[in-house]
Amino acid sequence: MIKKIFIICTIIFFLILIKKNNIQQKNTHNFQKIKILAVRIHQNAPGTFYCGCKIIWNNKKGVPDLSSCGYKIRKNFNRAKRIEWEHVVPAWQFGHQKKCWKYGGRKKCQQDYNYQKIEFDLHNLQPSIGEINADRSNFMYSELNNNIQQYGKCNVKIDFKKRLIEPPKRAKGIIARTYFYMSKMYNIPLSIKEKQLFKKWNINFPVTKWECIRENKIFKIQGNHNNYVYKKCKQ
């Protein structure tokens, strides 16, 4: 009898393990699909998100031409040599208050369909130099009073102690409009300080031609507009 119970428990354990692995593989596969779509959208992007480095695409992989924008590698050579898909609104910001996050972090939330919808939203994904993506982590955007050149001519400023990042001018307006869209679309709360900062960036750095092209491409694939961009493109 004991042996029979042991065999049944063992079978159940392996069935649970297989199901868990299948879910993880499915989620990974889904995000790979999103990356392929993101590459299609950004084939003619005017460079990497923050630094404006030329991107050399090879199927679904991108390599930044660091010399084209005067980028200087700060520390992480391997990640500086590849394009990664950065969440403008980081996963931590839209995920950490969810129940799934509290019971297993981001990996646990990736099994949740409602969380996936947010994480996979193409409006929130930008092609970034891997090193910048790594250094940014989940730091909040801000304005910093320093002139430290951490990445050569790429004017990204990161205060690692305060966990803050100031992007170059070319990205500020896009960031503001992405945050406003994500906040409204998914009920992501923004602090008063964030609202004030993004309102200023939205005004000072208006919608560009590339933003309109990109927004339209995403609409054709994803089926919804970022109205903070779309309405300006129609004026």
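Rounded to the nearest 0.5 angstrom, Leu197 CG and Lys193 NZ are separated by 8.5 Å. Here the CZ atom belonging to Arg214 is positioned 14.0 Å from the CG atom belonging to Asn44, to the nearest 0.5 angstrom. For the atom pair CD1 (Ile41) and CZ (Phe219), the distance works out to 13.0 Å, reported to the nearest 0.5 Å. In this structure, CZ in Arg74 is found 7.0 Å from CD in Gln150, a value given to the nearest 0.5 Å. Between the CG atom of Leu37 and the NZ atom of Lys35 there is a distance of 12.5 Å, given to the nearest 0.5 Å.
Under the side-chain contact (heavy atoms from CB on, under 4.5 Å) criterion, Ala45 pairs with His42, Trp210, not counting sequence neighbours. Scored by the side-chain hydrogen bond (donor to acceptor under 3.5 Å, both in side chains) test, Gln196 finds no partners at all (sequence neighbours excluded). Here Arg40 pairs with nothing under the salt bridge (charged side-chain N to carboxylate O under 4.0 Å, His left out) rule; sequence neighbours left out. Here Gln235 pairs with Lys232 under the side-chain contact (heavy atoms from CB on, under 4.5 Å) rule; sequence neighbours left out. Under the side-chain hydrogen bond (donor to acceptor under 3.5 Å, both in side chains) criterion, Thr178 pairs with no residue at all, not counting sequence neighbours. By the side-chain contact (heavy atoms from CB on, under 4.5 Å) test, Gln222 is found to be paired with Asp121, Leu122, His123, Tyr181, Ile218, Asn224, residues two or more places apart in sequence or in another chain being considered. Applying the salt bridge (charged side-chain N to carboxylate O under 4.0 Å, His left out) rule to Lys200 yields the partners Glu143; only residues at least two apart in sequence or on another chain are considered. Qualifying side-chain contact (heavy atoms from CB on, under 4.5 Å) partners for Lys117, counting only residues two or more places apart in sequence or in other chains: Tyr113, Asn114.
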Going by atom type alone, with no hydrogens or angles, which donor-acceptor pairs under 3.5 Å involve a side-chain atom of residues 58-73 and a protein atom two or more places apart or on another chain?
unit_1 : atom_1 : unit_2 : atom_2 : d
Asp65  : OD1    : Ser67  : N      : 3.3
Asp65  : OD1    : Ser67  : OG     : 2.7
Ser68  : OG     : Lys54  : N      : 2.9
Ser68  : OG     : Asp65  : O      : 2.5
Tyr71  : OH     : Glu131 : OE1    : 2.5

Side-chain donor-acceptor pairs under 3.5 Å in residues 152-167, sequence neighbours left out?
unit_1 : atom_1 : unit_2 : atom_2 : d
Lys157 : NZ     : Asn146 : O      : 2.8
Asp159 : OD1    : Lys161 : N      : 3.1
Asp159 : OD1    : Lys162 : N      : 3.0
Arg163 : NH2    : Asn138 : OD1    : 2.7
Glu166 : OE1    : Leu144 : N      : 2.7
Glu166 : OE2    : Lys172 : NZ     : 2.9

Got a list of side-chain donor-acceptor pairs under 3.5 Å for residues 93-102, not counting sequence neighbours?
unit_1 : atom_1 : unit_2 : atom_2 : d
Gln93  : OE1    : Tyr179 : OH     : 2.8
Gln93  : NE2    : Glu194 : OE2    : 3.3
His96  : ND1    : Trp92  : O      : 2.7

Evaluate the salt bridge (Lys or Arg N to Asp or Glu O under 4.0 Å) criterion for residues Glu215 and Lys217: first the C-alpha distance (whole Å), next the side-chain angles of each, then the deciding distance (0.1 Å), finally the verdict.
CA-CA 5 Å; Glu215 202 283 333; Lys217 286 176 178 284; over 6 Å; no

Using the side-chain contact (heavy atoms from CB on, under 4.5 Å) rule, take Gln43 and Val39 through it: C-alpha gap first, then chi angles, then the decisive distance, then the call.
CA-CA 6 Å; Gln43 280 290 332; Val39 169; 3.2 Å; yes

Pair Trp201, Ile174 - check side-chain contact (heavy atoms from CB on, under 4.5 Å), show working.
CA-CA 9 Å; Trp201 286 1; Ile174 303 171; over 6 Å; no

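Asn76 places a side-chain N or O within donor-acceptor distance of the main-chain N or O of Arg79, the cut-off being under 3.5 Å. In this structure a side-chain-to-backbone donor-acceptor pair under 3.5 Å is present from Asn124 to Val88.
At a threshold of 4.5 Å between side-chain heavy atoms, the hydrophobic network of Ile, Leu, Val, Met, Phe, Trp and Tyr places Tyr186 and Phe198 in one connected group. In the hydrophobic cluster analysis, where Ile, Leu, Val, Met, Phe, Trp and Tyr join through side-chain heavy atoms closer than 4.5 angstrom, Val207 is grouped apart from Tyr228. Clustering ILVMFWY residues whenever any of their side-chain heavy atoms sit less than 4.5 angstrom apart, transitively, puts Leu125 in a cluster other than the one holding Met185. With hydrophobic clusters built from ILVMFWY side chains whose heavy atoms lie under 4.5 angstrom apart, Phe180 shares a cluster with Met140. The cluster map of Ile, Leu, Val, Met, Phe, Trp and Tyr, joined by side-chain heavy atoms under 4.5 Å apart, puts Ile221 and Trp57 in the same cluster.
Heavy atoms of other residues, nucleotides or ligands lying less than 6.0 angstrom from CG of Asn216 number more than 12.
Judged purely by distance below 3.5 Å, without hydrogens or angles, the side chains of Asn226 and Arg177 never pair a donor atom with an acceptor atom.
Checking each of Ile129, Ile55, Ile175 against Phe49 for a side chain to side chain contact (heavy atoms under 4.5 Å, CB included) leaves exactly one that passes, namely Ile175.
The side-chain tip of Arg136 does not point at the ring of Tyr50 from less than 6.0 angstrom away and within 45° of straight on.
Residues Ile132 and Ser128 share a closest heavy-atom pair of CB-OG, 3.9 Å.
The disulfide (SG to SG under 2.5 Å) pairs that include a residue from residues 173-235 are Cys212-Cys233, where partners are two or more places apart or lie in different chains.
A salt bridge links Arg82 with Glu84: the distance from a Lys NZ or Arg NE/NH1/NH2 to an Asp or Glu carboxylate oxygen falls below 4.0 Å.
Inter-residue side-chain proximity for Arg170 and Phe205 is flagged as unmet; no heavy-atom pair is nearer than 4.5 Å. Put simply, the side chain of Gln126 does not reach to within 4.5 Å of the side chain of Trp85, judged on heavy atoms.
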